[in-house]
Amino acid sequence: MAGTVNRSSLRHQLRYAIAHPDRIPRYARRLGRDTGLRLRHPGHVAYYRAVMRADAAASPDAAVGSATHDRWLALGQMQFDYLVRHGLAPAKVPHLVLVDDLRLAFLPGEHFDVVHAHSVVSHSPRSVIDECLAHVGRVLKPDGWFDFTFDRTEGEEHHVLREDFYYRTQTLVALAHRHGLDARFMDDWERLPHKQSKLRVTRRR
């Protein structure tokens, strides 16, 4: 869902602090923690992995961005049902791999019908997204597609604590185009109860 407020601007932060003075200490603690994590973990993937490790230690449910465990399960089911409606066939047993980049070098070429990234781009700077788009086309079958959600803004692009990144749709479409990919905005996803938008990327014919 699109917004126009730049949450990183000083004006917004001052107005938010005045409206919610009780939240200032928590924000200050998080700012200090994140600054320390960035110094100890160079590179965004390593940094954000450290952020999630710290968040999960405090509250696994809160770390995944859901108010409750039931809401987390409901979002997962909503994502799965959406992909099935768009043609996803029964999936194999997953094999989880931790990676340090998004070059996808460990994956075979032209192998996947569907690649899905939920709430990944929303936590990634442009350089990481560009790296992913530079390589995801290689692992897609000719008719395959890559869906990803993102935090959409119709105002100034920005980030908050280098944890949450807000992009205009046309920025991400242009990044995909640079790497021989076509990207389209998924209007039907917008009608579902969630907070992020979705793009679908395919190899250019």
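On a predicted model such as this, the values are computed, not experimentally measured, just so you know.
Proximity of Pro125 to His159: side-chain heavy atoms (C-beta onward) are nowhere separated by under 4.5 Å. Side-chain contact between Tyr82 and Leu88: absent, with no pair of heavy atoms (C-beta onward) separated by less than 4.5 Å. Inter-residue side-chain proximity for Leu181 and Leu133 is flagged as met; some heavy-atom pair is nearer than 4.5 Å. With contacts defined as side-chain heavy-atom distances shorter than 4.5 Å, the pair Ile129/Leu175 qualifies. Side-chain contact check for Leu31 versus Leu161: some heavy-atom pair is nearer than 4.5 Å. Between Arg30 and Val51, some side-chain heavy-atom pair lies under the 4.5 Å cut-off. Counting only heavy atoms from C-beta outward, the side chains of Val139 and Glu110 never approach each other to under 4.5 Å. Side-chain contact between Leu199 and Arg184 is absent, with no heavy-atom pair separated by less than 4.5 Å.
The shortest heavy-atom contact between Arg71 and Pro193 is NH2-O, 2.8 Å. Minimum interatomic distance between Gln13 and Ser8 (heavy atoms only, all atoms of both residues): NE2-O, 3.4 Å.
Apart from Trp72 itself, the hydrophobic cluster it occupies contains Val64, Leu73, where clustering links Ile, Leu, Val, Met, Phe, Trp and Tyr at side-chain heavy-atom distances under 4.5 Å.
Criterion: ILVMFWY side-chain heavy atoms under 4.5 Å apart, direct or through other members. Under it, Val128 and Leu37 are not part of a common hydrophobic cluster. Residue Tyr166 is not grouped with residue Met186 when hydrophobic side chains (ILVMFWY) are merged at heavy-atom distances under 4.5 angstrom, including chains of intermediate members. No path of Ile, Leu, Val, Met, Phe, Trp and Tyr side chains, each step under 4.5 Å between heavy atoms, connects Tyr48 with Val45, placing them in separate hydrophobic clusters. Val136 and Val97 fall within the same hydrophobic cluster, where Ile, Leu, Val, Met, Phe, Trp and Tyr residues are linked whenever their side-chain heavy atoms come under 4.5 Å apart, directly or through other members. Residues Val99 and Val120 are members of separate hydrophobic clusters, defined by side-chain heavy-atom contacts under 4.5 angstrom among Ile, Leu, Val, Met, Phe, Trp and Tyr.
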Apply the test salt bridge (charged side-chain N to carboxylate O under 4.0 Å, His left out) to residues Arg49 and Asp100: give CA-CA distance (whole Å), side-chain angles for both, the deciding distance (0.1 Å), then the verdict. CA-CA 9 Å; Arg49 184 180 293 164; Asp100 293 320; 3.2 Å; yes
Could you check Trp145 against Val201 for side chain to side chain contact (heavy atoms under 4.5 Å, CB included), going step by step and ending with a plain yes or no? CA-CA 6 Å; Trp145 38 273; Val201 171; over 6 Å; no
Could you please spell out the steps behind the salt bridge (charged side-chain N to carboxylate O under 4.0 Å, His left out) verdict for Asp143 and Lys141? CA-CA 5 Å; Asp143 293 326; Lys141 290 182 179 179; over 6 Å; no
Pair Tyr16-Arg23, side-chain hydrogen bond (donor to acceptor under 3.5 Å, both in side chains): steps then yes or no: CA-CA 9 Å; Tyr16 190 86; Arg23 299 181 185 178; 2.5 Å; yes
Might you work through the side chain to side chain contact (heavy atoms under 4.5 Å, CB included) test for Ser197 and Thr169, ending with a clear yes or no? CA-CA 9 Å; Ser197 297; Thr169 302; 6.0 Å; no
Under the ring pair (Phe, Tyr, Trp, His ring centres under 6.0 Å) rule, what do Phe146 and Phe148 come out as? Steps first, then yes or no, please. CA-CA 7 Å; Phe146 169 40; Phe148 65 85; 5.3 Å; yes
What verdict does the side chain to side chain contact (heavy atoms under 4.5 Å, CB included) test give for Phe185 and Arg200, after you've listed the backbone C-alpha separation in whole Å, the side-chain angles of each residue and the deciding distance to 0.1 Å? CA-CA 7 Å; Phe185 188 78; Arg200 175 164 298 171; over 6 Å; no
Run the numbers on Glu157 and Arg126 for side chain to side chain contact (heavy atoms under 4.5 Å, CB included), then give the verdict. CA-CA 11 Å; Glu157 296 181 337; Arg126 190 178 304 193; 2.9 Å; yes
Test His41 against Tyr47 for ring pair (Phe, Tyr, Trp, His ring centres under 6.0 Å), laying out the working first. CA-CA 5 Å; His41 301 279; Tyr47 158 69; 8.2 Å; no
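A salt bridge is absent between Asp34 and Arg29: the closest approach of a Lys/Arg side-chain nitrogen to an acidic carboxylate oxygen does not fall below 4.0 angstrom. Checked for salt-bridge contact, Arg203 and Asp182 miss the test: no charged N lies under 4.0 Å from a carboxylate O. Checked for salt-bridge contact, Asp130 and Arg178 meet the test: a charged N lies under 4.0 Å from a carboxylate O. Under the 4.0 Å criterion applied to side-chain N and carboxylate O atoms, Arg152 and Glu190 are assigned as salt-bridge partners. Asp55 and Arg33 are joined by a salt bridge, as a carboxylate oxygen and a charged side-chain nitrogen come within less than 4.0 angstrom of each other.
Taking CZ of Phe106 as the start and CG of Asp101 as the end, the distance is 9.0 Å to the nearest 0.5 Å. Taking NE2 from His177 and CG from Leu172, the interatomic distance works out to 14.5 Å, rounded to the nearest 0.5 Å. We find the CD-NE2 distance between Glu163 and His44 to be 8.5 Å, quoted to the nearest 0.5 Å. One finds the NE2 atom of His116 at 6.0 Å from the CG atom of Asp147 (value rounded to the nearest 0.5 Å). Distance check, rounded to the nearest 0.5 Å: CG of Asp164 to OG of Ser122 gives 7.0 Å. The CG atom of Leu83 lies 12.0 Å from the CG atom of Asp113; values are rounded to the nearest 0.5 Å.
Heavy-atom neighbours of Arg15 CZ from other residues, nucleotides or ligands within 6.0 Å: at or below the threshold of 12. A 6.0 Å sphere centred on CZ of Arg11 holds no more than 12 heavy atoms belonging to other residues, nucleotides or ligands. The environment of CZ in Arg103 is sparse: at most 12 heavy-atom neighbours from other residues, nucleotides or ligands sit within 6.0 Å.
Ring orientation note: the planes of Phe165 and Tyr167 are close to parallel, at an angle under 30° on the 30°/60° scale.
A donor-acceptor pair under 3.5 Å links the side-chain atoms of Glu131 to the main chain of Leu102, judged by distance alone. With Arg138 contributing its side chain and Leu107 its backbone, the two residues share a donor-acceptor pair below 3.5 Å. Looking at Ser9, its side chain does come within 3.5 Å of a backbone N or O of His12 through a donor-acceptor pair. In this structure, Arg168 contributes its side chain and Gly155 its backbone to a donor-acceptor pair below 3.5 Å. In terms of modelled atom types and a separation under 3.5 Å, the side chain of His158 and the main chain of Glu156 share a donor-acceptor contact.
Of the residues listed (His194, His86, Gln196, Gln79), the one engaging Trp189 in a side-chain hydrogen bond (donor to acceptor under 3.5 Å, both in side chains) is His194, and it is the only one.
Neither side chain, Asp70 nor Thr68, offers a donor N or O lying under 3.5 Å from an acceptor on the other.
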